[in-house]
Amino acid sequence: MATQSGSSSSYPRFRPSTIFLLGKKFIRLNKDDAALLIVDHQIGLFQMARDQQPEEFRNAVLAHAAIGKVFNLPTILTTSAETGPNGQLPKEITDMHPDAPLIKRNGEVDAWDNSDFRDAVRATGKKQLIIGGITTDVCTAFLALSLIEEGYTVFANAEASGAVSQRIADDANDRMRAAGVHVLSNFAITLDLMRDWRNTPGSAELLPYFDQYLTVYGFLARGHAAAVDRGTILPGESE
């Protein structure tokens, strides 16, 4: 263990990276300065997500896409070689965003390497980008790192990205975090965008969203509504 110079103390020195991490600020999502990116959530690539159950991942992908609808965010869709084995985006996503730009890349692995995609992102005028890609280690991480280099603040939806194994997902998320990407759950992203249940969008918009995509919270709200509407508090329950 390193010691202070000229001292017999065994206290460890703080490395610059440690000090930097301790001093990081809480960067808030701002719905007025955010755009949503849906990257390569193609039906042929769906099987690459082995770190989540298929039903869980499908729900997370659709929940990610629905963020753009709830908060009226500029949304950009992109696919990679969709005429080959990768296939198209799920119909639920394209139906959800019929007017959003859909950039069909023919070869570029990192979406940022495609000039049409870059132009679409820049055209939003937003500085905060919420991204989810079909694979955490490639589709999400490559784009997130490129966006960090371009000066964007990047929020990666960890649930809406998958990997062949949990180890690969963990390594990719660590790599993104080390570069300054904010890796968050879908719940954290939506609540930071909302900030206050009294806002618009607020409880009127988010509770139906959670009822569809986050069952545990949806049923919490349903239970409360049922108790208020026709429930009876049993002896001892309020205590």
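All values derive from a computational prediction rather than experimental measurement. We're numbering straight along the sequence, starting at 1.
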N/O donor-acceptor pair under 3.5 Å between Ser161 side chain and Ile134 backbone
no

Tell me whether Gln128 contacts the main-chain N or O of Asn30 through its side chain, where contact means a donor paired with an acceptor under 3.5 Å.
yes

Looking at every heavy atom in both Thr75 and Gly68, which two are closest together, and how far apart are they?
OG1-CA, 3.8 Å

Please determine whether a side-chain nitrogen of the Lys or Arg among Asp40 and Arg105 lies less than 4.0 Å from a carboxylate oxygen of the Asp or Glu.
yes

Test your reading of the model: is there a side-chain donor-acceptor pair from His64 to the backbone of Ala158, 3.5 Å cut-off?
no

For Arg175, look at atom CZ and say whether over 12 heavy atoms of other residues, nucleotides or ligands are found less than 6.0 Å away.
no

Main-chain N/O of Leu45 paired to Asn86 side chain as donor or acceptor, under 3.5 Å:
no

Return the set of residues passing salt bridge (Lys or Arg N to Asp or Glu O under 4.0 Å) with Asp211 (not counting sequence neighbours), or none when no residue passes.
Arg222

Go through the steps to decide whether His97 and Leu102 satisfy the test side-chain contact (heavy atoms from CB on, under 4.5 Å), and finish with yes or no.
CA-CA 9 Å; His97 298 285; Leu102 172 53; over 6 Å; no

side-chain contact (heavy atoms from CB on, under 4.5 Å) for Phe155 and Ile27? Distances and angles first, verdict last.
CA-CA 10 Å; Phe155 297 83; Ile27 298 177; 4.2 Å; yes

Donor-acceptor contact present, side-chain His41 to main-chain Ala160, <3.5 Å
yes

Pairs in or reaching into residues 43-58: which pass side-chain hydrogen bond (donor to acceptor under 3.5 Å, both in side chains), with residues at least two apart or in two chains?
Arg58-Glu92

Within the distance-only criterion (no hydrogens, no angle test), does the side chain of Asp192 pair as donor or acceptor with the backbone N or O of Arg28 below 3.5 angstrom?
no

Do side-chain atoms of Asp116 reach the backbone of Ile103 as a donor and acceptor pair under 3.5 angstrom?
no

Which heavy atom of Ala34 sits nearest a heavy atom of Ile130, and at what distance?
CB-CD1, 4.3 Å

Looking at Tyr209 and Ile67, would you say the former's side chain and the latter's main chain have a donor-acceptor pair under 3.5 Å?
no

Heavy-atom donor-acceptor pair, Ser80 side chain to Val109 backbone, under 3.5 Å
no

Taking all heavy atoms of Thr136 and all of Ala163, pick out the closest pair and write down the distance.
OG1-N, 4.2 Å

Would you call the rings of Tyr217 and Phe187 parallel, tilted or perpendicular, where under 30° means parallel and over 60° means perpendicular?
tilted

Test: Asp174 and Arg177 ion pair at under 4.0 Å
yes

How about CG on Asn106, more than 12 heavy atoms from neighbouring residues, nucleotides or ligands closer than 6.0 Å, or not?
no

Would you compute the distance between atom CG of Asp113 and atom CG of Leu143 and round it to the nearest 0.5 angstrom?
9.5 Å

Take Thr94 and Gln88 through the test side-chain contact (heavy atoms from CB on, under 4.5 Å) and record every step on the way to the result.
CA-CA 10 Å; Thr94 53; Gln88 298 176 323; over 6 Å; no

Check whether more than 12 heavy atoms from other residues, nucleotides or ligands sit under 6.0 Å from atom CE of Met48, and answer yes or no.
no

In terms of the angle between their ring planes, are Phe210 and Trp197 parallel, tilted or perpendicular, with boundaries placed at 30° and 60°?
perpendicular

Looking only at heavy atoms, what is the nearest atom pair of Ile148 and Ala179, with distance?
CG2-O, 3.5 Å

Would you check, one step at a time, whether the test side-chain contact (heavy atoms from CB on, under 4.5 Å) holds for Leu214 with Thr190?
CA-CA 11 Å; Leu214 187 60; Thr190 51; over 6 Å; no

Which pair of non-hydrogen atoms, one from Val70 and one from Pro201, has the smallest distance, and what is that distance?
O-CG, 3.2 Å

Is it true that a side-chain atom of Gln42 and a backbone atom of Gly87 form a donor plus acceptor pair closer than 3.5 Å?
yes

Heavy-atom closest contact (Phe71 atom, Met194 atom, distance)
CE2-N, 3.6 Å

